[in-house]
Amino acid sequence: MRHMVLLSAGLIGALALASCSKEIDKEAVDRALQDVNVVDQSNLNSVVLNSADPNEAVSYFQRSVKQSPDRVDLNRGLAASLIRAKRYTEAAAAWQRVVDLPDAQSADSVELADALIRNNEWEKARKVLDTVPPTHETFKRYRLEAMIADSEQNWKAADSFYDTAVGLTTKPAGVFNNWGYSKLTRGDYSGAERLFGEALRQDPNLFTAKNNLVLARGAQRNYSLPVISMTQTERAQLLHTMALSAVKQGDVSTGEGLLREAIETHPQHFDAAARALEALENG
């Protein structure tokens, strides 16, 4: 807002000076108007990107980029709106165009890597992150580095990147959950259980961490629900997860009992649990 006031004052000054002269300095006035329009459009871009329907935002930024193809902010807006619209192939191409612009920054390369991962192009994402200077230390950069290390089963590097990412955010619940799932896939079930518990200490409402915690306990043949905050519906869903884990471990009778408990616990008809129980009872 302060910039708008300053620019408006500058525009008024330019017009006032022009009115005092015999001939209006058209170029000076045009430059002042252009500065004001840039600020106005920047504010509009932010509103569209954060509030509009994702596909409507895509259309808006596509029109804007067509008019000003070298504007890095408009290209960023298009790329980000394509991510919001879950059009990941187009988003990766759009972020690549941003990275190729003269005013691109290291953060743009990180966003390109993110788009490539969403598009399942892990090798390309790794190469892009390798171009980001080590001085660019951000939460998103290290979270992506951890995910790529996971995909390559480079567990030592993954642990290091997750640990760094946790220290760079005030909301680390999602990182702890991802780190725990990494441990789960490696077969480090106790380590996974600890990290899922940490995720829930940071965000007691994160259901994916609750479900993953049950999976980690079930993999250790611990079929009791953890002492965590849960709704009645969540309790039924977690019992269902625990039951399937028990069946997978070969503890079929335990799984059947957990399924019956899940069906009884759910406040409505629990179709998934009922079908699983029927399948077990029918052999």
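Keep in mind that this is a model prediction, so the values were computed, not measured.
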Please evaluate residues S190 and Q220 with respect to the criterion side-chain contact (heavy atoms from CB on, under 4.5 Å), reporting the C-alpha separation (whole Å), side-chain torsions for both, the decisive distance (0.1 Å), and the verdict. CA-CA 8 Å; S190 61; Q220 299 172 80; 3.9 Å; yes
Mind listing the closest non-hydrogen atom pair of [X] and [Y] along with its distance?
X	Y	result
P134	Y142	O-OH, 4.3 Å
A104	V98	CB-O, 3.2 Å
R186	S182	NH2-OG, 2.8 Å
L101	P69	CD2-O, 4.3 Å
R84	A57	NH1-CB, 4.5 Å
A262	F270	O-CD1, 3.8 Å

Using salt bridge (Lys or Arg N to Asp or Glu O under 4.0 Å), reason through R76 and D108 one step at a time and then give a plain yes or no. CA-CA 8 Å; R76 284 190 188 116; D108 297 317; 2.8 Å; yes
Same cluster (ILVMFWY, side-chain, under 4.5 Å), [X] and [Y]:
X	Y	result
V175	L195	yes
L225	L184	yes
F139	F161	yes
V65	V58	yes

Is the shortest distance from a Lys or Arg side-chain nitrogen in [X] or [Y] to a carboxylate oxygen in the other one below 4.0 Å?
X	Y	answer
E152	R126	yes
R201	E198	yes
E111	K140	yes
E145	R141	yes
D251	R221	yes
D159	K183	yes

Among R235, R260, E234, the one residue meeting side chain to side chain contact (heavy atoms under 4.5 Å, CB included) with T265: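 The option that passes is R235.
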W122 vs M147, side-chain contact (heavy atoms from CB on, under 4.5 Å): CA-CA, chis, key distance, verdict: CA-CA 9 Å; W122 293 85; M147 292 169 64; 4.1 Å; yes
Please examine the side chains of [Y] and [X], heavy atoms only from C-beta on, and report whether any two atoms are closer than 4.5 Å.
X	Y	value
E123	L116	no
L74	R63	no
E193	R217	yes
F196	V214	no
Y181	T208	no

Side-chain (N119) to main-chain (E121) donor-acceptor, under 3.5 angstrom: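 Checking the backbone N and O of E121 against the side chain of N119, no donor-acceptor pair under 3.5 Å is found.
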Using atom types as modelled and distance alone, determine if a side-chain donor or acceptor of S245 lies under 3.5 Å from a backbone N or O of M242.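 Side chain of S245 to backbone of M242: no pair is present.
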Go through H136 and T138 one step at a time and tell me if the side-chain contact (heavy atoms from CB on, under 4.5 Å) criterion holds. CA-CA 6 Å; H136 184 75; T138 64; 3.5 Å; yes
Crowded around [X] [atom1]? As in, over 12 foreign heavy atoms under 6.0 Å?
X	atom1	answer
Y223	OH	yes
E281	CD	yes
K124	NZ	no

Start with the C-alpha gap between Q237 and N211, add the side-chain angles, then the distance that decides, and say whether side-chain contact (heavy atoms from CB on, under 4.5 Å) holds. CA-CA 8 Å; Q237 293 170 329; N211 201 62; 5.7 Å; no
